[in-house]
Amino acid sequence: TPDTLQSTQKKQSIDARIEYTSADSMVIMGNGIAHIYGDGDLRYKSMELTAEYIRVDMDSSTLYAQGILDTIDNEWIGKPVFSEGEESYETDEIIYNLKTQKGFIVNAITEQGDGYVVAGKTKKVDDDVLMMAAGKYTTCDQHDHPHFYIHMTKAKVKPGEYIATGPAYL
């Protein structure tokens with residue numbers, strides 16, 4: 001019967017077209033994993049990710065992105081920038097599930113009103129809510145080493161709406 005056929009077939013986990021470009025190269029493996037090298041740009045529905053290196057696992061619907069350390073200048077190039085809707089996050093490293101729209105972000109920087117939230121570890125959960133650990137809220141433009149900030153041991157952030165924090169220190 002048609003119902004039996006549908007239930008035995010493997011369900012496609014990615015339900016929209018993934019568009020990607022690269023300045024350097026793309027390697028698509030037979031096991032469903034694609035590697036994008038050099039100024040990669042990936043788009044899926046309302047999500048966009050740019051980074052020096054992006055790995056896409058089609059079977060598990062996960063993305064991994066990171067920048068590359070330029071050992072001559074000792075600077076990171078092509079750090080991931082993750083955008084979804086109107087929100088944008090600059091990160092050092094990101095793991096994101098396309099199907100569940102959840103992810104784990106290392107050293108995320110988000111703009112909140114007139115200030116910035118910088119977090120060591122961030123987990124993106126439902127409804128664009130970010131759960132953060134070792135975060136800082138600052139109005140200083142130097143995100144890596146701000147001159148002044150409020151240190152948040154734990155925080156829950158809904159971009160554009162609120163920041164709820166546990167113990168915080170000036």
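In this structure, I94 is a member of the same hydrophobic cluster as M47, with clusters built from ILVMFWY side-chain heavy atoms closer than 4.5 Å. There is a path of hydrophobic side-chain contacts, each under 4.5 Å, that joins L42 to M58. V125 and L130 are members of different hydrophobic clusters when ILVMFWY side chains are connected at heavy-atom separations under 4.5 Å. Under a hydrophobic-cluster definition in which Ile, Leu, Val, Met, Phe, Trp and Tyr are linked whenever side-chain heavy atoms come within less than 4.5 Å, directly or via other members, Y89 and V106 are assigned to different clusters.
No side-chain heavy atom of M26 sits under 4.5 Å from any side-chain heavy atom of T21. For the pair T122 and V157, the minimum side-chain heavy-atom distance is 4.5 Å or more. By the 4.5 Å heavy-atom criterion applied to side chains, I163 and V117 are counted as neighbours. Side-chain contact between K154 and M131 is absent, with no heavy-atom pair separated by less than 4.5 Å. With a 4.5 Å cut-off on side-chain heavy atoms, Y162 and K156 count as touching.
For Y137, the ring-ring contact (aromatic ring centres under 6.0 Å, His included) test picks out no residue, with sequence neighbours left out. Annotation: side chain to side chain contact (heavy atoms under 4.5 Å, CB included) contacts of H143 (sequence neighbours excluded): I109, Y116, V118. Contacts of A168 classified as side chain to side chain contact (heavy atoms under 4.5 Å, CB included), with partners at least two apart in sequence or in another chain: I150, T165. Residues meeting the side-chain hydrogen bond (donor to acceptor under 3.5 Å, both in side chains) test with K136, sequence neighbours left out: none. K102 is linked by a side chain to side chain contact (heavy atoms under 4.5 Å, CB included) to T100, D126, counting only residues two or more places apart in sequence or in another chain. Listed by chain and residue number, C140, Q142 satisfy the side chain to side chain contact (heavy atoms under 4.5 Å, CB included) test with H147 (two or more places apart in sequence, or in another chain). Checked against side-chain hydrogen bond (donor to acceptor under 3.5 Å, both in side chains), H151 has no partners two or more places apart in sequence or in another chain.
Residue Y20 qualifies as open at atom OH: its count of foreign heavy atoms under 6.0 Å is 12 or below. Around atom NZ of K45, more than 12 heavy atoms belonging to other residues, nucleotides or ligands sit under 6.0 Å away.
Screening residues 65-77 for side chain to side chain donor-acceptor pair (under 3.5 Å) gives Y64-Q66 as the qualifying pairs, with residues at least two apart or on separate chains. Here ring pair (Phe, Tyr, Trp, His ring centres under 6.0 Å) pairs that include residues 117-136, with residues two or more places apart or in two chains, number zero.
By the 4.5 Å side-chain criterion applied to Ile, Leu, Val, Met, Phe, Trp and Tyr, Y169 is assigned to no cluster and stands alone. Annotation for Y149: hydrophobic cluster partners, listed by chain and number, are none (ILVMFWY side-chain heavy atoms under 4.5 Å, direct or chained).
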Please tabulate, one pair per line, all N/O donor-acceptor pairs under 3.5 Å involving side-chain atoms of residues 80-88, not counting sequence neighbours.
from, atom 1, to, atom 2, distance (Å)
S83, OG, S88, OG, 3.4
E84, OE1, K124, NZ, 3.1
E84, OE2, Y96, OH, 3.1

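Screening I54, T91, I36 against L49 for a side-chain contact (heavy atoms from CB on, under 4.5 Å) leaves a single residue, I54.
Contact record, T153 with G166: OG1-C, 4.3 Å, taken as the closest heavy-atom pair. Across N97 and K99, no two heavy atoms sit closer than the pair OD1-N, 2.8 Å. Summarising the geometry of T139 relative to D114, their closest heavy-atom pair is CG2-O, 3.8 Å, with the distance given to 0.1 Å.
D41 has a carboxylate O that lies under 4.0 Å from a charged side-chain N of R43, or vice versa, which qualifies the two as a salt bridge.
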